[in-house]
Amino acid sequence: MNHPSSKSQNQEIDRRRTFGIISHPDAGKTTLTEKMLLFGGAIQMAGSVKARKASRHATSDWMAIERERGISVTSSVMKFDYRNFEINLLDTPGHQDFSEDTYRVLTAVDSAVMVIDSVKGVEAQTRKLMAVCRMRNTPILTFVNKLDREGMPPLDILGDIEETLQIECAPLSWPIGMGKRFKGTYNIHRRELTLFTPGRERLPDDSVTIRDLGDPILDEILGRQADELREDVALLEGAANPFDLQDFLKGSQTPVFFGSAVNNFGVRELLDTFVEIAPGPLPRQATTRTVFPGEEPFSGFVFKIQANMDPAHRDRLAFLRVCSGRFQKGMRVRHHRIDKDILIANPIMFMAQDRTAVEEAWPGDIIGIHNHGTIKIGDTFSEKEPLSFTGIPNFAPEHFRRVQLKSPLKSKQLRKGLTQLVEEGAVQLFRPLMGSDLILGAVGILQFDVTMARLKAEYGVDAVYEHVDYVASRWVKCDDPKRLSAFERANQAHLALDAEGNLTFLADGEWRIEFVAEQWPEVVFTKTREHR
Ligand code: G4P
């Protein structure tokens, strides 16, 4: 029986917003994050997040990789308040060499903000991240950044987003000029003009309410650009899609804002609209039923495991998203996969740069649990009722390496290390049906460097990582056992078992997958696979 939720639980749920920022590297995700944290009072000084991005102190080898490349290998969680809302911002690593972590973080959010560089338009990584958002129809708000630079005409940017990402755009603000002529934005809904002064952060009195675009005050303020704005707005009224909340919530329409994150311009408009229209904690699907956030019993799932976050402790931290009920410190919960009750002793939360002890947490919140090897990605914790949340997938790797030990004496350590790293979701492991190779698979190539460094530092394993000819993979299934055996016989050289024993097709090109799939129509090829 699920108990009805209390009034305070509903209030807590209503004021939670859990989201991630998706963008291609350099579009301005870090800058936007920082401005949001500044508004939320979570950090005091501009530059804090950037500084952290550049100079993480490292005492273990794989953190040194992170430092060397000046990027964040692992993603983290930042909690901040804005107005009366508690916002959980889940950071997705922004570098080109992103990993499965980047994808998986998006399975734990209720909405996303997409940052587009106005000079470059939609870029490769945004496309990939958008495909992941689409799996759960995550609502997306768009922020077109860097309007202080000479970029693509705004209408072309909208066209690019609609065409490349197959999502309808509904501009809620409109830029007035760009680059040197960038004067500000006009909020179409509120009929408000916000003026831009380069090199300075916005002040509250920079906004002017314009009831009628015909008002001569507009000419006074904008000069010749007043008519350009009038024409643009007239054009938009005829051509642009009006904002539709339901379409946004279904993930089929994205409201679009324009601004300049580095100048803190347009960020407040984005945040104000975000807290108003972005959904609070959404119901989540478990294998047996849908779980609603307002249910009284606590439940949550692990979407990420991070090792050695605190070099002094060399601990592993499991990130759990609360899905229903109230989490309280010292709570005993059921760990369903291993069928045991466990005590969550010292859970932590993440405030901008700090970790703090958790007393209680509500749906939408993310808590960190110390993990001594019993927690895997995708694990569900709840009170009594056996639940297993779905939608926390593995993604088909695109990069592969064969592991060869330098010393055969270390094979036990290698097995142990790989088991651990696979459970953490750091890398995937495949054993080809023919031969005795161990093939590592990753979504981002940097995952191999991390795996290598960690195997050496934590398990004392020295190994060589050889190139193999695979570049794509799919999990395969077939309901007809006879056809499956025939398929296996015919394609042995390309088949492997993953760490959980699932049959996987490893290919030297997408073309081969298409070719084989055509020959075997009853075999299903999938790019994602649920954790068990
Ligand atoms: P990322 O996390 O998406 O990778 O991007 P990040 O915020 O680090 O921004 C990438 C670069 O773009 C930075 O420049 C940043 O200052 C710049 N940037 C962000 N927003 C704007 C904007 O609105 N206008 C302009 N013109 N630039 C912007 P950088 O040279 O790499 O770093 P920095 O030395 O400026 O900090």
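Quick note: numbers below take in every heavy atom, side chains included, and nothing from hydrogens, waters or symmetry partners. Remember, it's a predicted structure, so these values are computed and weren't measured experimentally. Counting starts at 1 for both ligands and their atoms, following the listed order.
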Please determine whether any non-hydrogen atom of Asn263 lies less than 4.0 Å from an atom of ligand 1. no
Aromatic contact, Phe265 with Phe196 (centres under 6.0 Å):
yes
Atoms of ligand 1 under 4.0 Å from any heavy atom of Thr31, numbered from 1 in the order shown, are 6 (P), 7 (O), 9 (O), 15 (C), 19 (C)
Looking at Leu32, Thr33, Thr30, Ile22, the heavy atom closest to atom 2 (O) of ligand 1 belongs to Thr30
- Determine, using ring centers only, whether Phe85 and Phe274 are less than 6.0 Å apart. no
Per-atom filter on ligand 1: closer than 4.0 angstrom to a heavy atom of Lys29 are 1 (P), 2 (O), 3 (O), 5 (O), 7 (O)
- Query: Backbone or side chain, does any N or O of Leu147 fall under 3.5 Å from an N or O of ligand 1?
  - Reply: no
Closest heavy-atom pair, Arg230 versus Asp215, reported as atoms and distance to 0.1 Å, is NH2-O, 3.4 Å
Closest non-hydrogen atoms of Met114 and Ile161, given as atom of the first, atom of the second and distance, are CE-CG2, 4.1 Å
Per-atom filter on ligand 1: closer than 4.0 angstrom to a heavy atom of Ser260 are 22 (C), 23 (O), 24 (N)
Here the pair of heavy atoms bringing Pro139 nearest to Asp110 is CD-O, 3.2 Å
### Task
Check whether more than 12 heavy atoms from other residues, nucleotides or ligands sit under 6.0 Å from atom CZ of Arg191, and answer yes or no.
no
Ligand 1 to Asp26, heavy atom cutoff 4.0 Å, flagged ligand atoms 1 (P), 3 (O), 4 (O), 5 (O), 10 (C), 12 (O)
Note: ligand 1 atoms sitting under 4.0 Å from heavy atoms of Arg149 are 26 (N)
Taken in chain and number order and not counting sequence neighbours, the residues that satisfy side-chain contact (heavy atoms from CB on, under 4.5 Å) with Val233 are Tyr186, Leu213, Leu229, Glu237
Checking the N or O distance criterion of under 3.5 Å, is ligand 1 in contact with Ala261?
yes
